[in-house]
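Remember, predicted model here, so these are calculated numbers, not experimental data. When reading the values below, keep in mind they use all heavy atoms of this one structure, side chains included, and skip hydrogens, waters and symmetry mates.
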Amino acid sequence: MSELTLTVIRLGLVVLLWIFVFSVVGVLRGDLYGTRVLTHARPKAPRRASREPVARTSPAKRPVSPSRARSSNRRTPTSLTVTEGSLVGTTVSLKETGVLLGRNPECTLVLDDDFASGRHARIFRRDAGWFVEDLGSTNGTFMGSTKLTQPMPVEVGSTLRIGKTVFELRK
């Protein structure tokens, strides 16, 4: 082999070695610092003109919104409490937008459970009330002793289990 061929091969091996080193450093950095979550700024709500008259209705004539009518129901949960697992005592209020459960930092309640998936389950509101849905997790989500295969309605007192973490829906 000529001197030029050997030099090109040596340089190629050095470049491959550096690519390997940088990829290992990237993987280690991702494991140490976790997933990078980007948040986008929310658009500001338009301001009301201060000179416009505001129509006011008397409290007796004010219509009852559907969310208020539903919240008065005794069987409608308002919070999710961790009763077993590493986060015992943690309580999250149920929001109209829903609650996302899993190991990802973007979740509403980030679980420290080896048996939980990144985006494991969600609790959301429909017209008929609150529902829980498994998001295709590896180990499944259980309501009582039943494994969820489709969105199921939940009420106050319902227990959910994700891995070793157990939740209870409370008023």
Kindly work out whether a path of hydrophobic side-chain contacts (I/L/V/M/F/W/Y, heavy atoms less than 4.5 Å apart) joins [X] to [Y].
| X | Y | value |
| --- | --- | --- |
| Val14 | Ile19 | no |
| Val99 | Leu87 | yes |
| Leu94 | Leu148 | yes |
| Val24 | Trp18 | no |
| Val82 | Val92 | yes |

What are the two closest non-hydrogen atoms of [X] and [Y], and how far apart are they?
| X | Y | result |
| --- | --- | --- |
| Phe124 | Pro151 | CZ-CB, 4.0 Å |
| Ser137 | Asp134 | OG-OD1, 2.6 Å |
| Arg103 | Ala116 | CD-O, 2.7 Å |
| Lys171 | Val156 | N-CG1, 4.0 Å |
| Phe131 | Val154 | N-CG2, 4.2 Å |
| Leu101 | Ile162 | CD1-CD1, 3.9 Å |

Find the distance between [atom1] ([X]) and [atom2] ([Y]) and round it off to the nearest 0.5 Å.
| X | Y | atom1 | atom2 | result |
| --- | --- | --- | --- | --- |
| Lys164 | Asn139 | NZ | CG | 11.0 Å |
| Leu11 | Leu16 | CG | CG | 11.0 Å |
| Met152 | Glu133 | CE | CD | 12.0 Å |

Check whether any side-chain N or O of [X] sits under 3.5 Å from a backbone N or O of [Y] as a donor-acceptor pair, and report yes or no.
| X | Y | result |
| --- | --- | --- |
| His120 | Gly140 | yes |
| Asp113 | Thr165 | yes |
| Thr108 | Leu100 | yes |

Is any NZ, NE, NH1 or NH2 atom of the basic residue among Arg119 and Glu106 found under 4.0 Å from an Asp or Glu carboxylate oxygen of the other?
yes
In Leu80, Thr81, Thr78, the residue satisfying side-chain contact (heavy atoms from CB on, under 4.5 Å) with Arg170 is Thr81
Please lay out, stage by stage, how Leu109 and Thr90 fare under the test side-chain contact (heavy atoms from CB on, under 4.5 Å).
CA-CA 9 Å; Leu109 183 58; Thr90 304; 3.9 Å; yes
Can you confirm whether Leu111 sits close enough to Phe167 that some side-chain heavy atom of one is under 4.5 Å from a side-chain heavy atom of the other?
yes
